[in-house]
Amino acid sequence: MSTLFTKIIQGEIPADIVYQDDLVTAFRDINPAAPTHILIVPNKEIPTVNDLTEEDEQVAGHLFLVAKKLAEQEGVAENGYRLIVNCNKHGGQEVFHLHLHLIGGRSLGPMILRQ
Ligand code: AMP
């Protein structure tokens, strides 16, 4: 069965897609944590970072280059932003289709909630 993000990539579920090419698709997070919150997703279904293989090297690097481009487009590059990839339970991953969160547009505070 396709992941939620594959359905978005294939246009079966609506989303605010801001960028798409042969390797990745980027769309706005439905529950944004900041004024800019974009998810950058490989078109190929890779569940988590743990599932990356050497053949995914190009797409993994491409996620960062697209993030850089979108940060500029969103006007957050200069002030700065945060890129987050959650993995599995302790990482707080909810959707098991690898994605890079691009979050910015305000000061984001400390990197991790300390207990
Ligand atoms: P993660 O916890 O890293 O797996 O992040 C999953 C993200 O997907 C969350 O920030 C959700 O708000 C976001 N999300 C879930 N469903 C949708 C959707 N239909 N469209 C856009 N973003 C979504």
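Start at 1 with the first residue, then count along the sequence. Note that ligands are numbered from 1 as they come in the structure, with each ligand's atoms numbered from 1 the same way. Treat the numbers as computed from the prediction; the structure is a model and nothing was measured.
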Using residues 77-91 as the side-chain source, report each donor-acceptor pair under 3.5 Å to any protein atom, sequence neighbours left out, with the distance given to one decimal.
| residue | atom | partner | partner atom | Å |
| --- | --- | --- | --- | --- |
| R82 | NH1 | P110 | O | 3.4 |
| R82 | NH2 | G109 | O | 2.7 |

*Write down, by chain and number, every protein residue that brings a non-hydrogen atom to less than 4.0 Å from an atom of ligand 1.*
L4, F5, I8, F27, R28, D29, I30, N31, L39, N86, G92, Q93, E94, V95, H99, H101
*For E54, enumerate each residue passing the side chain to side chain contact (heavy atoms under 4.5 Å, CB included) test, keeping only those at least two apart in sequence or located in another chain.*
none
*Between L39 and I8, is any pair of side-chain heavy atoms under 4.5 Å apart?*
no
*Within the distance-only criterion (no hydrogens, no angle test), does the side chain of H97 pair as donor or acceptor with the backbone N or O of K44 below 3.5 angstrom?*
yes
*asked:* Would V66 and K68 count as a side-chain contact (heavy atoms from CB on, under 4.5 Å) here? Give the steps.
replied: CA-CA 5 Å; V66 170; K68 173 197 158 178; over 6 Å; no
_Qualifying residues under side chain to side chain contact (heavy atoms under 4.5 Å, CB included), relative to S107, sequence neighbours excluded_ = none
